[in-house]
Each structure stands twice: as C-alpha cells, then as structure tokens.
Enquirer: 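Sharing a structure, written as structure tokens. Questions coming.
Position 1 is the first residue of the sequence; numbering continues from there.
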Amino acid sequence: MEPGGGDLVRFGQGRAAQVLPTRLLLLPLLLGRGLRVVAAASSSGAAAEDSSAMEELATEKEAEESHRQDSVSLLTFILLLTLTILTIWLFKHRRVRFLHETGLAMIYGLIVGVILRYGTPATSGHDKSLSCTQEDRAFSTLLVNVSGKFFEYTLKGEISPGKINSVEQNDMLRKVTFDPEVFFNILLPPIIFHAGYSLKKRHFFRNLGSILAYAFLGTAVSCFIIGNLMYGVVKLMKMVGQLTDKFYYTDCLFFGAIISATDPVTVLAIFNELHADVDLYALLFGESVLNDAVAIVLSSSIVAYQPAGLNTHAFDAAAFFKSVGIFLGIFSGSFTMGAVTGVVTALVTKFTKLHCFPLLETALFFLMSWSTFLLAEACGFTGVVAVLFCGITQAHYTYNNLSVESRGRTKQLFEVLHFLAENFIFSYMGLALFTFQKHVFSPIFIIGAFVAIFLGRAAHIYPLSFFLNLGRRHKIGWNFQHMMMFSGLRGAMAFALAIRDTASYARQMMFTTTLLIVFFTVWIVGGGTTPMLSWLNIRVGVDPDQDPPPNNDSFQVLQGDGPDSTGGNQTKQESAWLFRLWYSFDHNYLKPILTHSGPPLTNTLPAWCGLLARCLTSPQVYDNQEPLREEDSDFILTEGDLTLTYGDSTVTANGSSGSHTASMSLEGSRRTKSSSEEVLERDLGMGDQKVSSWGTRLVFPLEDNA
C-alpha cells in the first residue's frame with residue numbers, strides 16, 4: 001500500500017472507518033478510482049459530522065432561548081407582585097380603601113398582558129399541518145419520525161378549524177400561559193390551608209349552624225338556580241344563532257357550581273382593617289371557606305353524572321343519586337384525610353423533641369400540611385377539602401405543641417405564601433385576558449350570567465336567613481343580609497376551577513365569562529364595600545375578641561356536675577346536645593391525648609386504663625407547668641369563654657353578665673370576688689356560699705348564635 005493510502009486509512013477513523021475497509025479491496029484493480037472512492041466517502045462522513053454538529057448547536061441555542069424566556073416570564077410576575085406590594089403600601093399610607101390589593105394585581109396584569117399581546121413581535125412560526133386521517137382520537141404524546149430521527153410532541157389542546165390560521169405564534173405569550181395544574185397543586189394549597197389555620201374559631205363555631213346552612217344548602221341552591229337560568233340563556237342563544245357548538249344542561253350546572261364559589265377577599269380585608277362586626281365577619285368568612293370546598297366537590301359530582309343509554313345528557317334518577325353519593329363520599333373522605341393528617345402531625349410534635357429544633361419542627365409542619373393536599377388528590381379525593389380541615393385541625397391541636405419560635409414561623413410562613421399565591425393568581429387573571437388563546441366572548445351568555453348570579457345569591461341569602469332567624473337568639477338583621485348579598489365576590493377558586501378544563505367550546509365560554517365576572521366583582525363590588533358599610537349602619541371598630549353585647553349574649557352553660565347546678569340550667573341545652581358532646585369529648589380526651597393541655601387522662605379515663613392514660617398524658621399536665629397553651633384567642637375553648645350561670649343571670653369569666661358585671665380570675669379552685677359579684681350573690685340569696693367548678697366541667701357557647 002502506498003504511503004498516501006496509509007494516510008487515507010488513518011483519516012478514515014471513526015464513522016468512515018466502517019466504510020473504508022470494504023472499499024479498499026478495489027485498490028489492486030483500480031487504484032486510482034479507489035482513491036477517489038475513499039476520498040468521496042471521507043468527504044461524505046465529514047459532511048454528516050458537520051450536519052450533526054450544526055443540529056446540536058441549533059438545539060442548544062433553542063434550549064438557551066427557551067430558558068431565557070422562562071426566566072423573563074417568571075421575572076414578569078415577580079415584578080408584578082413587587083409593584084403591587086409597593087402600591088399597597090402607598091394606598092395604606094394614604095388610607096385608600098376603594099381598591100384592594102387583588103384589584104391592583106389584576107390591573108397590573110392587564111397592562112402587562114396588553115404589552116405582551118400587542119408590543120412584542122411573533123418569534124416563531126408554524127410549518128404546514130400534517131393530516132392523520134387514520135386516527136379517530138387525539139393522543140397526549142406523539143412520536144414523529146422525521147428522516148430517521150424521532151421527535152416527541154405533547155398535546156396542547158384542540159383548535160377549531162376557523163382558528164387554524166390564527167394560532168398564537170409568540171413564544172413569550174406561550175411561556176406566560178401556565179399549566180392549570182400549577183394553580184391546583186402549587187398555588188391553591190397555601191391559600192386554602194391559611195384559611196383554616198387562621199380561622200377565628202370562637203366566632204366561627206358560635207355561628208357554625210348558619211355557616212353550614214349558607215355553605216351547603218346555599219351553594220346547592222345557587223348552583224341549581226344559576227344552572228337552570230343559564231340553560232335558558234343557552235336556548236336563547238341557539239334560537240338567535242349565537243351558539244356555534246354544543247352546550248348541554250350538565251355544562252350549565254357545572255358553570256353554576258364553579259361560579260357559586262365566593263371569595264370575598266376584598267370585603268374581608270376591609271372588614272378586618274375596620275374591625276367590622278365579628279358575627280358578620282364570621283358568617284362571610286365561614287361561608288366563603290366552606291363553599292369553596294362544596295363547590296369543587298359539587299362540580300366533580302356533576303362531571304361524574306353519566307346516565308345510562310344513548311342520551312348521556314338526559315335526566316336519569318339512578319345517575320343523579322349516584323352523583324349525590326359521589327358528593328358525600330368525596331367530601332367525607334377528604335374531610336377524614338385532612339383531619340387524620342392533622343392528628344398525626346399533632347402526635348408527632350407531642351411525643352418527639354422537635355420543639356428543641358424549631359427549624360426542623362417548622363419544616364415538618366409545612367411538609368405534612370402541604371402533603372395533605374397532594375395525598376387527597378392522589379387518592380381520588382379533593383385536596384381543597386382535605387387541606388382546609390387539616391388547617392383547622394393543625395390550629396386546634398398541633399399549634400399547642402409547637403415551640404414559641406415555630407408558632408410564629410408557621411403563622412407568618414403561611415400568611416406570606418397565602419398573600420403571594422393569591423396576588424399571583426389575580427395578576428395572572430389580568431394577564432390571561434389578553435394572553436389566553438381560547439377565549440369565547442358571548443355577550444348574551446355574559447349578561448345572562450351576571451343576572452343569574454345576582455338572582456342565585458339573593459335566592460339563598462334571604463330565604464335561608466329567614467329560616468335561620470326562627471331559631472336564633474341573635475338575629476341576622478336586614479343590614480347583615482344586604483351586606484352578605486353584596487359581598488358575593490368571585491375570585492381565585494372560581495378562576496382555578498374554570499381554567500382547569502378549557503378543551504371544549506362550552507368550557508372556553510365559561511372560562512371567559514368567569515374571568516369577566518371576577519373582574520367586575522373585585523373592582524366594583526370590592527370598591528363599594530366601605531360606602532356600603534356606612535349606608536347599612538354596620539358597626540365598625542369592634543374588638544374581634546370581644547363577646548357580643550349583654551342583651552345579645554350567646555352563651556349557655558352545660559349542666560353542671562356540682563351542687564350548685566339547678567334544673568333550670570337545662571332550659572336551652574337540648575338543641576345543642578351534639579356540640580355539648582363534642583366539646584366534652586374534645587376537652588376531656590382529645591386535647592390531653594394530642595396536646596399538652598387539658599385535664600390528665602388519669603382523671604377522665606376509667607381506672608383500668610391507668611397505664612394507657614399515664615403514657616398518653618403529657619408530663620406538663622402533671623407538673624401544671626403548661627395547663628393551657630392556647631395563648632391565641634382564636635381557639636374554641638379558652639378560660640375567657642368559661643361561663644357560670646346562676647338562675648337567669650349569667651356571669652362570664654371575661655367580665656360580662658346578663659344584668660351585672662363581674663370580674664373573675666380562674667386559678668385552680670381560687671376565685672377572687674369583686675363587689676359586683678357580691679351584689680349578684682346577695683341578690684340570688686347565696687350569701688357567703690362559694691361557687692366552685694367541680695372536676696373538669698365544661699362551659700361553652702351552646703346556642704347557635706349564627
């Protein structure tokens with residue numbers, strides 16, 4: 001072989017080396033031609049390597065550009081939140097209340113959406129469309145063979161034939177359009193958990209009956225009224241030729257369910273700032289917290305409604321009752337899962353020394369709370385319900401076991417997460433009005449939705465208030481009812497439920513309408529809250545931990561177990577037997593088991609459970625070092641809630657009385673008397689007889705004052 005041939009062989013290493021040996025067999029016959037063949041093969045291999053290198057370089061550039069756009073999109077939202085925070089400070093400094101922070105976030109989102117839509121050029125294009133006529137359904141993931149190379153594509157959604165040429169070609173607009181699961185798995189959990197963890201439980205449970213009626217019955221009534229009215233609107237749209245695709249009755253009911261989720265965040269923020277009436281605050285806050293959970297379970301039940309037969313949208317009694325069963329099963333299962341997770345966290349924090357390491361304690365609390373949402377979703381339940389009741393359970397039990405540092409950290413952590421997540425969602429709402437690609441604007445549907453929402457809200461506030469007032473001592477006045485009617489804002493939950501599924505024409509129209517309803521209620525209704533409070537003569541400047549006025553006292557006393565108890569104490573107790581049993585069970589058993597407070601289990605459990613009682617009871621209870629660790633007045637049972645009743649007169653430990661004012665200090669069995677107490681005893685003929693509390697007798701608000 002000539003020296004040149006040796007050089008060619010060494011040059012052909014790598015890809016060309018596989019080709020050169022076979023072609024070198026021709027060298028003895030046609031040496032000159034063989035050299036040309038080898039040279040051509042080498043040139044072809046080099047060209048292939050250059051092409052591959054160019055493709056890799058282009059891919060790296062695309063990845064770098066995509067990373068840059070991701071960073072810009074996230075930076076956009078961070079700047080929006082920063083601008084919102086600075087404007088909030090300015091508004092608070094100037095005492096401006098006509099626009100809430102969520103309204104500001106929406107305005108800034110709208111401005112950025114306009115800039116992105118009309119101020120940025122298209123940065124990508126679409127190749128010709130390929131037809132797959134052999135397939136009768138869409139695939140979530142598609143592998144495409146292009147010249148021997150396989151590329152993976154994911155489904156973005158259906159595009160109507162009329163909009164095939166107007167598909168968004170701006171990569172930046174695509175980047176700021178988030179996956180709906182981001183809202184459910186990342187943004188919603190801290191918002192819902194904070195609602196349960198920061199619940200004012202004294203006033204919440206005092207008004208529990210009314211709150212449950214508004215949340216469950218009211219949401220169901222509102223859902224069916226709105227759904228039926230919107231079905232009439234859809235029929236009207238079909239008659240006038242404004243309906244271009246299918247819109248079923250179940251779609252109307254689904255819209256009624258998602259739009260029934262109220263979120264009066266603006267109103268409640270103003271109530272909290274002005275210290276409005278605590279009962280009104282509890283009614284509105286409690287309804288909004290629970291009806292979010294009811295709305296999401298109700299919407300899931302409507303989706304699960306599948307009649308038998310060919311017509312899958314006709315009424316079927318069996319399918320209806322099956323949906324009702326699904327509703328009850330999902331709600332009860334989610335409730336149980338949230339409560340159990342809270343109980344497990346309470347046990348872990350009680351029987352370990354995590355309080356010696358506040359950072360680890362806070363981290364565990366955070367992860368256990370967040371995992372409740374994901375666990376419920378993974379098991380087929382509803383994470384919103386689970387994380388809500390997990391928050392309530394954590395606040396009632398686990399909070400008492402945390403160290404002082406962890407108590408402050410957990411409250412501040414979830415408060416900050418709630419604030420950022422909520423404002424992020426409202427900013428995204430403003431942005432989505434211009435960046436979302438599947439809007440369906442229908443003036444008839446939008447106007448009909450506003451009318452239906454107004455009628456649906458009125459149909460459940462006023463009738464339910466009338467029936468509730470029949471059994472209430474502290475009536476829900478007309479001014480409260482008007483304020484509750486006015487405060488039916490829609491917000492983050494309605495938006496999250498609407499954006500979760502926008503595949504069909506009906507769902508796209510629902511999403512667009514929901515977005516406009518949220519805009520209107522937050523800006524117009526939220527901005528009119530302060531004038532409405534003044535016009536309805538609702539009192540402000542009320543201490544949130546203050547009990548109602550004496551003439552509206554809502555406290556009743558459990559039947560005492562001491563010698564001072566009389567048969568007259570049973571007058572108003574029979575209607576509250578369920579709550580009496582719960583509070584007794586909670587105070588005597590659950591609190592000592594799950595926390596460091598309450599009476600020792602050795603005093604409440606039977607004698608044969610002595611070993612178990614000693615193992616479960618915290619040493620702090622025996623040493624009386626931390627008899628009650630509930631420093632927060634938010635909790636259900638505090639010493640300030642203890643009430644002593646003498647005949648027809650009631651004396652509370654915080655000093656309020658039905659006809660007198662008393663001041664009492666409950667320290668063990670000691671009792672310091674004031675002059676007003678002596679007058680009370682003299683009026684009741686008690687003389688110097690001591691009033692004592694026997695055993696672990698509980699006294700708490702029994703009347704459903706809501």
Enquirer: List the steps and the verdict of side chain to side chain contact (heavy atoms under 4.5 Å, CB included) for Phe204 and Ile211.
Expert: CA-CA 8 Å; Phe204 177 84; Ile211 290 173; 3.6 Å; yes
Enquirer: For a side chain to side chain contact (heavy atoms under 4.5 Å, CB included) check, start with the C-alpha distance between Leu413 and Leu417, then their side-chain angles and the critical distance, and finish with the verdict.
Expert: CA-CA 6 Å; Leu413 173 63; Leu417 290 176; 4.1 Å; yes
Enquirer: Measure the OG1-CZ distance between Thr84 and Phe77 for me, rounded to the nearest 0.5 Å.
Expert: 11.5 Å
Enquirer: When you compare the side chain of Thr514 with that of Ile499, does any pair of heavy atoms fall below 4.5 Å?
Expert: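 Not in contact.
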Enquirer: Using distance alone, with no hydrogens and no angle criterion, decide if Tyr108 and Thr87 have a side-chain donor and acceptor under 3.5 Å apart.
Expert: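 Per modelled atom types, Tyr108 and Thr87 side chains form a pair under 3.5 Å.
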Enquirer: What are the two closest heavy atoms between Phe511 and Ala432, and how far apart are they?
Expert: CZ-CB, 4.5 Å
Enquirer: Parallel under 30°, tilted from 30 to 60°, perpendicular over 60°: which one fits the rings of Phe216 and Phe331?
Expert: perpendicular
Enquirer: Identify whether NZ of Lys or CZ of Arg in Arg507 sits under 6.0 Å from the centre of the six-membered ring of Phe254 and within 45° of that ring's axis.
Expert: yes
Enquirer: Run the numbers on Phe255 and Phe247 for ring-ring contact (aromatic ring centres under 6.0 Å, His included), then give the verdict.
Expert: CA-CA 11 Å; Phe255 178 73; Phe247 208 119; 8.1 Å; no
Enquirer: For residues Met237 and Met509, determine if any side-chain heavy atom of one lies less than 4.5 Å from a side-chain heavy atom of the other.
Expert: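 The answer is yes, as the side chains (C-beta and beyond) meet within the 4.5 Å cut-off.
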Enquirer: Using the side chain to side chain contact (heavy atoms under 4.5 Å, CB included) rule, take Ile88 and Lys92 through it: C-alpha gap first, then chi angles, then the decisive distance, then the call.
Expert: CA-CA 6 Å; Ile88 291 170; Lys92 288 183 179 294; 3.7 Å; yes
Enquirer: Please check: side-chain N/O of Arg457 versus main-chain N/O of Ser487, any donor-acceptor pairing under 3.5 Å?
Expert: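 Answer holds: no.
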Enquirer: Any idea how Phe389 and Phe335 line up, ring-wise: parallel (<30°), tilted (30 to 60°), or perpendicular (>60°)?
Expert: perpendicular
Enquirer: Is Asn479 reaching over with its side chain to a backbone N or O of Ile538, donor-acceptor style, under 3.5 angstrom?
Expert: no
Enquirer: Counting only N and O atoms by type, is there a donor-acceptor contact under 3.5 Å from the side chain of Asn291 to the main-chain atoms of Ser260?
Expert: yes
Enquirer: Identify the heavy atoms of Tyr462 and His482 that sit nearest to each other, and give their distance.
Expert: OH-ND1, 2.9 Å
Enquirer: Please check if the side chain of Thr529 supplies one atom and the backbone of Gly526 the other of a donor-acceptor pair under 3.5 Å.
Expert: yes
Enquirer: Would a 4.5 Å heavy-atom cut-off, applied to side chains only, mark Met532 and Val267 as touching?
Expert: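 Result no, sub-4.5 Å side-chain heavy-atom pair not found.
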Enquirer: When you measure from the side chain of Thr372 to the backbone N and O of Met368, does any donor-acceptor pair fall under 3.5 Å?
Expert: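 Side chain of Thr372 to backbone of Met368: a pair is present.
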Enquirer: Using the side chain to side chain contact (heavy atoms under 4.5 Å, CB included) rule, take Ile444 and Val233 through it: C-alpha gap first, then chi angles, then the decisive distance, then the call.
Expert: CA-CA 7 Å; Ile444 298 178; Val233 172; 4.0 Å; yes
Enquirer: Is the backbone N or O of Thr382 less than 3.5 Å from a side-chain atom of Ser334, with the two atoms forming a donor-acceptor pair by type?
Expert: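 Yes; at least one donor-acceptor contact below 3.5 Å.
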Enquirer: Flag yes if more than 12 heavy atoms outside Glu181 fall under 6.0 Å of its CD atom; otherwise flag no.
Expert: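 Yes - once you tally the heavy atoms of other residues, nucleotides and ligands closer than 6.0 Å, there are more than 12.
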Enquirer: Using 0.5 Å steps for rounding, measure from the CD1 atom of Ile85 to the CG atom of Asn423.
Expert: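 So the gap between those two atoms works out to 7.5 Å.
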Enquirer: Could you tell me the separation between the CG atom of Leu455 and the NE2 atom of His460, rounded to the nearest 0.5 Å?
Expert: 13.0 Å
Enquirer: Asp279 and Asn207: side-chain donor and acceptor closer than 3.5 Å?
Expert: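 Yes, Asn207 and Asp279 have a side-chain donor paired with an acceptor closer than 3.5 Å.
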Enquirer: Parallel, tilted or perpendicular for His439 and Phe441, by the 30°/60° rule?
Expert: tilted
Enquirer: Nearest 0.5 angstrom please: Ile517 CD1 to Ile259 CD1, how far?
Expert: 4.0 Å
Enquirer: Side chains of Thr502 and Phe436, heavy atoms from C-beta outward: is any pair under 4.5 Å?
Expert: yes
Enquirer: Is there a side-chain contact between Met337 and Phe373 in this structure, where contact means two heavy atoms from C-beta onward sitting under 4.5 Å apart?
Expert: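 No - every pair of side-chain heavy atoms lies 4.5 Å or more apart.
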Enquirer: Taking C-beta and beyond as the side chain, do Arg490 and Thr262 meet within less than 4.5 Å on heavy atoms?
Expert: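 Arg490 reaches Thr262 side chain to side chain.
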Enquirer: Does any N or O in the side chain of Ser534 come within less than 3.5 Å of the main-chain N or O of Pro531, such that one atom is a donor and the other an acceptor?
Expert: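 Not confirmed, Ser534 side chain does not pair with Pro531 backbone.
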Enquirer: Please name the pair of heavy atoms, one in Ile225 and one in Gly456, separated by the smallest distance, quoted to 0.1 Å.
Expert: CG2-CA, 4.0 Å
Enquirer: Extract all donor-acceptor atom pairs below 3.5 Å that involve side chains of residues 182-196 and protein atoms in other chains or at least two apart in sequence.
Expert:
none

Enquirer: Write down the atom of Ile446, the atom of Thr513, and the distance for their closest heavy-atom approach.
Expert: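 Nearest heavy atoms, Ile446 then Thr513: CG1-OG1, 3.7 Å.
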Enquirer: Just how far is it from atom CG of Leu83 to atom OG of Ser427, taken to the nearest 0.5 Å?
Expert: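 Taking CG in Leu83 and OG in Ser427, the distance rounds to 9.5 Å.
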Enquirer: Tell me, with the steps shown, if Phe495 and Phe426 meet ring-ring contact (aromatic ring centres under 6.0 Å, His included).
Expert: CA-CA 9 Å; Phe495 174 79; Phe426 279 94; 8.5 Å; no
Enquirer: Using modelled atom types and a 3.5 Å cut-off, is there a donor and acceptor pairing between side-chain atoms of Gln481 and backbone atoms of Ile476?
Expert: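 The answer is yes, because a donor-acceptor pair under 3.5 Å joins these two groups.
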Enquirer: Tell me, do Phe434 and Val112 make a side-chain contact under 4.5 Å, heavy atoms counted?
Expert: no
Enquirer: Can you tell me how far CZ of Phe445 sits from CG of Leu236, rounded to the nearest 0.5 angstrom?
Expert: 12.0 Å
Enquirer: Are the aromatic ring centres of Phe365 and Tyr197 under 6.0 angstrom apart?
Expert: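 Yes.
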Enquirer: Taking all non-hydrogen atoms of both residues, which atom of Cys252 and which atom of Val234 are closest, and how far apart?
Expert: SG-CG2, 3.9 Å
Enquirer: Looking at Pro358, is its backbone amide N or carbonyl O close enough to the side chain of Ser406 to form a donor-acceptor pair, meaning the two atoms are under 3.5 Å apart?
Expert: yes
Enquirer: Check the orientation of Tyr281 and Phe271. Use parallel for under 30°, tilted for 30 to 60°, and perpendicular for over 60°.
Expert: tilted
Enquirer: Identify the heavy atoms of Asp292 and Ala261 that sit nearest to each other, and give their distance.
Expert: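 Scanning both residues, the minimum pair turns out to be OD1-CB, 3.6 Å.
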Enquirer: Can you find a pair of side-chain heavy atoms, one from Ser465 and one from Tyr214, that are under 4.5 Å apart?
Expert: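 Contact flag for Ser465/Tyr214 side chains = yes.
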Enquirer: So, does Arg117 use its side chain to make a donor-acceptor pair with the main chain of Ile115 at under 3.5 Å?
Expert: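 Here the side-chain-to-backbone pair does not exist.
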